Structure formats: structure tokens, C-alpha cells
Number of protein chains: 2
Amino acid sequence: MARPREFDEDTVLEAATQRFWTNGYEATSMRDLADHTGMTTPSLYNAFGDKRAIYRLVLDRYVRRALESCSAIFGDDDPPLRALERYFDALIEETRADALQKGCFVVNTALEVAPHDADFRDLVTNVFDRIEKYLRDCIANGQSDGTIRTKLPAADLARLFLSATLGIRVLARTSSERELLTGVVRPLFALLRTK
Amino acid sequence: MARPREFDEDTVLEAATQRFWTNGYEATSMRDLADHTGMTTPSLYNAFGDKRAIYRLVLDRYVRRALESCSAIFGDDDPPLRALERYFDALIEETRADALQKGCFVVNTALEVAPHDADFRDLVTNVFDRIEKYLRDCIANGQSDGTIRTKLPAADLARLFLSATLGIRVLARTSSERELLTGVVRPLFALLRTK
DNA sequence: TTTGTTTTATATCGATCGTCATAAAACATG
DNA sequence: CATGTTTTATGACGATCGATATAAAACAAA
């Protein structure tokens with residue numbers, strides 16, 4: 001197998017993720033990636049392909065982990081209301097800890113890249129749909145077992161919860177004193193409790 | 001006053017707005033602006049300053065109009081619930097008509113430019129705060145006159161409504177069959193109606 | 001008509017962009 | 001040790017980036 005690689009693939013992809021995530025696609029150059037990964041640009045091309053391919057690679061990696069995290073929250077046998085609580089707690093905690101204001105990599109992609117790139121638009125749409133489905137199924141389960149009392153359609157509620165999630169992700173990118181995200185979530189749970 | 005300008009300032013700024021709005025800051029070059037405004041790049045520099053100044057100029061113009069639109073909705077003497085209805089109707093209609101998936105210029109700026117530019121971050125924060133205040137005052141008024149029955153804090157509700165707005169703006173940028181935005185809004189009004 | 005001022009168009013600056021040709025270096029296999 | 005394969009580093013390609021120097025063109029004021 002010839003000359004061995006001198007870099008750790010996971011470390012390099014993680015560094016590349018950080019650059020694209022914080023600065024976006026256009027504002028991140030291949031030389032910037034090289035500097036922050038410790039590789040040279042030809043090595044990056046040889047190992048992972050061109051700039052777009054690398055972006056796709058690290059975004060897929062990010063999405064995989066994000067959806068695994070979602071699966072862990074909603075796949076547990078926690079009661080639906082408790083799962084939703086964990087979902088928003090995780091979202092708020094991640095936002096609070098986001099000192100660099102990276103927000104959500106998928107949402108950033110949705111606004112900068114997706115509008116003029118069909119492949120990434122499909123990816124983003126797919127992620128949003130899956131999150132919406134997690135929320136919808138969870139809410140529907142809660143309505144079935146009576147722990148969620150509202151009679152509003154689970155489909156509508158899921159879309160609202162998804163939109164609130166995306167809105168929080170937008171706010172996270174501009175930060176400031178706007179960490180009062182609990183205020184966003186509180187009425188959502190009040191909504192689930194009402195008849 | 002020397003040689004007269006050969007361009008119409010408003011037409012040029014409108015064209016520049018469209019380019020920055022649809023493609024973002026980094027993906028829009030000065031030559032692209034020149035092509036779509038009918039001006040040459042030196043004329044653009046002479047008339048409006050450098051790229052950042054032009055972006056700021058057209059964004060300010062956009063914000064002014066957007067806030068005027070908000071002021072018209074919430075400044076009318078419509079009952080609070082009716083004002084909120086008009087607010088979301090306008091948002092949904094604008095999104096439906098947004099064939100180019102431009103979304104909201106301010107939200108796009110919040111994600112691409114604001115994180116690494118304090119001036120634009122201040123602008124975005126200011127706009128979000130003002131919209132939140134419109135919503136909060138409107139909801140508080142409705143609670144005072146009894147047309148909004150929920151006892152939830154108007155501050156929390158306003159933050160949720162703002163987040164939902166931003167979420168819709170994110171969805172608008174990826175479009176597809178996701179025009180079921182009425183589903184997002186329906187539970188919000190149900191929330192206002194409940195005790 | 002002359003002078004002064006501003007906008008125009010041409011042409012181009014150095015810097016940086018994404019990408020790659022090239023060949024030396026480091027291994028496995030024979 | 002020799003051969004083949006892959007990764008490495010150097011250096012540079014053409015294209016495009018934001019921004020300007022320059023001077024002609026078009027007006028107002030004198």
C-alpha cells in the first residue's frame with residue numbers, strides 16, 4: 001500500500017468542519033483549509049477531492065452525527081414529553097456553549113449553498129424532513145398515550161417546533177444577550193399541555 | 001454641478017439588492033454588480049464606495065422598507081389579533097411568491113456576514129429586537145383588552161413568534177414542497193386563544 | 001469660451017482564488 | 001536491492017478577485 005499517510009483523517013476532517021462551519025463555504029479557501037489541517041493543498045485534493053467534495057464530506061459527517069444524536073433522544077423509551085424536553089435542552093445547551101457562534105452547519109448551508117446547488121438543497125431538505133418526522137411521531141405518541149393533551153394536529157405542531165428550532169439556530173449565529181432561548185421554548189410546552 | 005449621472009440611483013440600488021440578496025455577499029463580485037446594474041466598476045466605486053459600503057447601503061435600504069412594513073401592520077389601529085394575522089399572512093404570502101428563494105435579506109446577512117463583522121451583527125440584532133418588540137407590545141395589548149386569553153408572558157410569546165418567523169425564513173431559502181407554512185402558524189394562534 | 005468639477009470608460013494593478021504538473025519521499029512487494 | 005504505488009512538498013498555472021490610475025466626456029459657472 002505504498003507510502004503511508006502522515007495525517008489522521010478524522011482530525012483533518014474535524015478541522016475542515018470547523019473552518020467551513022464558522023466561516024461558510026465561499027469565505028473558506030483551500031489554502032485556509034491547508035493551514036488549519038496541517039496539510040498541503042495537493043494533499044487535500046489527493047485525499048478528498050476538490051473544495052466542493054470536501055465540503056460535502058464534512059457536512060455529511062456532521063449530519064450523520066446530528067441525526068444520531070436525534071435518534072438517541074427520540075429512540076430512547078423516554079416518555080414523549082421527556083424526549084421533547086431533552087431535545088430542546090440539548091439545543092439550548094449547545095447554543096449557550098457556542099462561543100464562536102457557529103450555529104448549525106446544516107442551517108448555514110441551507111442559506112448560503114442550498115439555494116444555488118441542487119445536491120445540497122436535497123441534503124438540507126432531507127435533514128429538515130427527518131427532524132420534522134422525529135418531532136411529529138413523538139408528539140403523536142404523546143397524544144395517543146394522553147401525556148400530550150392538545151388536540152392540535154401533530155403535523156402542524158411538528159412544523160412549528162421545527163421552525164422554532166431553525167429560528168433558534170439563526171439567533172445563535174448573532175448571539176449577544178439573546179440567550180433567553182428558554183423563553184422561546186416555554187410557550188411550546190405550554191401549548192402541548194393545554195387541551 | 002459638473003457632468004450629470006447617467007444612471008438612476010434607485011434602479012441601480014435595487015439591482016444590487018437583488019444580487020446580494022439572492023447570491024450573498026461573498027458570491028457576488030463587483031463585476032457581477034456592474035453587469036447587473038449597467039454601470040462600470042469604477043462608477044460604482046465613485047458613486048457608492050467599496051463593496052462592503054454598497055452591501056451596507058442596500059441592506060439599510062431593505063431594512064428601512066421592511067420596518068416600515070412592520071410599522072404599517074402594527075401601527076394600524078387593528079385589533080392585536082388581527083395585526084398578528086396580517087403579519088403572518090404577509091410573511092407567508094411573501095414566501096409563496098419568492099420563486100428565487102431569496103428568503104429574508106437580514107436573515108441571510110445574519111448567517112453569512114454578521115458572525116465576523118460587528119457592524120452588521122449590530123444591525124441584525126437591532127432589527128430582530130425591533131420585530132420582537134412589535135410582537136411583544138401587540139401581544140401585551142391583546143392580553144390587556146382580553147382578546148388574547150393566554151396568561152403566558154408576552155415576552156416569551158414574542159420570542160417564540162420571532163423564532164418561528166426566522167425559521168420560516170430559513171425554510172423559504174430551501175423551498176420545495178415546504179409551502180405548508182400555514183401549518184407552522186396555526187398552532188401559534190391556537191396558543192393565543194387558550195386560557 | 002475658458003475654467004473647474006464630476007462622471008464616465010479603458011485598462012490594469014497586485015493579490016488571491018481553485019486547481020494541478022511535477023518529482024522527490026516513503027512504503028509494500030518481488 | 002529493484003520495482004511499483006501512493007503520499008508528500010514545491011511551485012506555478014490561468015482566472016478572477018477587489019480596487020484604481022488615468023484621461024476623455026459632459027456639464028455648470030465665470
Side-chain angles (χ1 to χ4, degrees), chain A residues 1-60 108-109 112-114 116-120, chain B residues 1-60 108-109 112-114 116-120:
Chain A
M1 246 295 281
R3 177 172 177 172
R5 290 183 167 182
E6 300 178 1
F7 64 89
D8 178 65
E9 181 164 319
D10 210 64
T11 303
V12 166
L13 292 181
E14 183 56 33
T17 300
Q18 292 298 319
R19 299 309 293 170
F20 277 132
W21 190 357
T22 57
N23 297 334
Y25 181 82
E26 294 287 349
T28 303
S29 69
M30 289 300 294
R31 284 170 178 81
D32 180 273
L33 287 182
D35 291 341
H36 286 84
T37 56
M39 297 178 68
T40 59
T41 50
S43 288
L44 283 171
Y45 277 91
N46 177 67
F48 307 113
D50 64 12
K51 183 181 178 184
R52 188 174 177 278
I54 297 177
Y55 189 86
R56 176 80 201 210
L57 198 63
V58 298
L59 181 59
D60 279 336
N108 299 355
T109 302
E112 191 199 353
V113 184
H116 50 82
D117 191 312
D119 290 337
F120 285 99
Chain B
M1 247 294 281
R3 176 170 177 173
R5 291 183 165 180
E6 299 178 1
F7 63 89
D8 177 67
E9 181 164 320
D10 209 65
T11 305
V12 166
L13 291 181
E14 183 55 34
T17 299
Q18 293 297 319
R19 300 308 293 170
F20 277 131
W21 190 357
T22 57
N23 296 335
Y25 180 81
E26 294 287 349
T28 303
S29 69
M30 289 299 296
R31 285 170 177 80
D32 181 274
L33 287 182
D35 290 341
H36 286 83
T37 56
M39 297 178 68
T40 60
T41 50
S43 288
L44 284 171
Y45 278 91
N46 177 67
F48 307 112
D50 64 12
K51 183 181 178 183
R52 189 174 176 277
I54 297 177
Y55 189 85
R56 176 80 200 210
L57 197 64
V58 297
L59 181 58
D60 280 336
N108 299 355
T109 301
E112 192 200 353
V113 183
H116 51 82
D117 191 313
D119 290 337
F120 285 99

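Throughout, protein chains are lettered first and strands after them, A, B, ... in sequence-line order, and every chain is numbered starting at 1. Every heavy atom of this structure was used, including side-chain atoms; hydrogens, water molecules and symmetry mates were not. The structure presented is a predicted model; accordingly, all values stated were derived computationally and were not measured.
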Practice problem: Spell out protein contact along nucleotides 11-18 of chain C as letters: B when the base is contacted, S when just the sugar-phosphate is, - when no protein heavy atom is under 4.0 Å; keep the 5' to 3' order. | Solution: -B----BB
Quiz prompt | Six-ring centre of F20(A), K51(A) cation under 6.0 angstrom, axis tolerance 45° | solution =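 That pair does not qualify as a cation-pi contact.
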Integer-rounded Å distance: [N] [atom2] and [X] [atom1]:
{"X": "E6(B)", "N": "dA26(D)", "atom1": "CD", "atom2": "P", "answer": "8 Å"}
{"X": "F7(B)", "N": "dT7(C)", "atom1": "CZ", "atom2": "P", "answer": "8 Å"}
{"X": "I54(B)", "N": "dA19(D)", "atom1": "CD1", "atom2": "C1'", "answer": "11 Å"}
{"X": "R5(A)", "N": "dA9(D)", "atom1": "CZ", "atom2": "P", "answer": "13 Å"}
{"X": "M39(B)", "N": "dA19(D)", "atom1": "CE", "atom2": "P", "answer": "15 Å"}
{"X": "L44(B)", "N": "dA9(C)", "atom1": "CG", "atom2": "C1'", "answer": "13 Å"}

Practice problem: Decide yes or no, distance alone: a donor-acceptor N/O pair under 3.5 angstrom between the base of dT7(C) and the side-chain of R3(B). | Solution: yes
Exercise. Using only side-chain N and O atoms of S43(A), determine if any of them is under 4.0 Å from OP1 or OP2 of dT7(D).
Key: no
Quiz item: Phosphate oxygens OP1/OP2 of dA9(D): is one of them under 4.0 Å from a side-chain N or O of T40(A)?
Solution: yes
Quiz prompt | By side chain to side chain donor-acceptor pair (under 3.5 Å) - contacts of S43(A) (at least two apart) | solution = T40(A)
Quiz item: Looking at R52(B) and D119(B), what are the two nearest heavy atoms and their distance?
Solution: NH2-OD2, 3.0 Å
Quiz item: Do Y55(A) and V113(A) come within less than 4.5 Å of each other through their side chains, counting heavy atoms only?
Solution: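 Yes, their side chains come closer than 4.5 Å.
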Quiz item: Looking at D35(B) and R31(B), does any basic side-chain N land under 4.0 Å from a carboxylate oxygen?
Solution: no
Quiz item: Distance-only, no hydrogens or angles: does the E112(A) side chain make a donor-acceptor pair with backbone N or O of E26(A) under 3.5 Å?
Solution: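 Yes: the side chain of E112(A) pairs with the backbone of E26(A).
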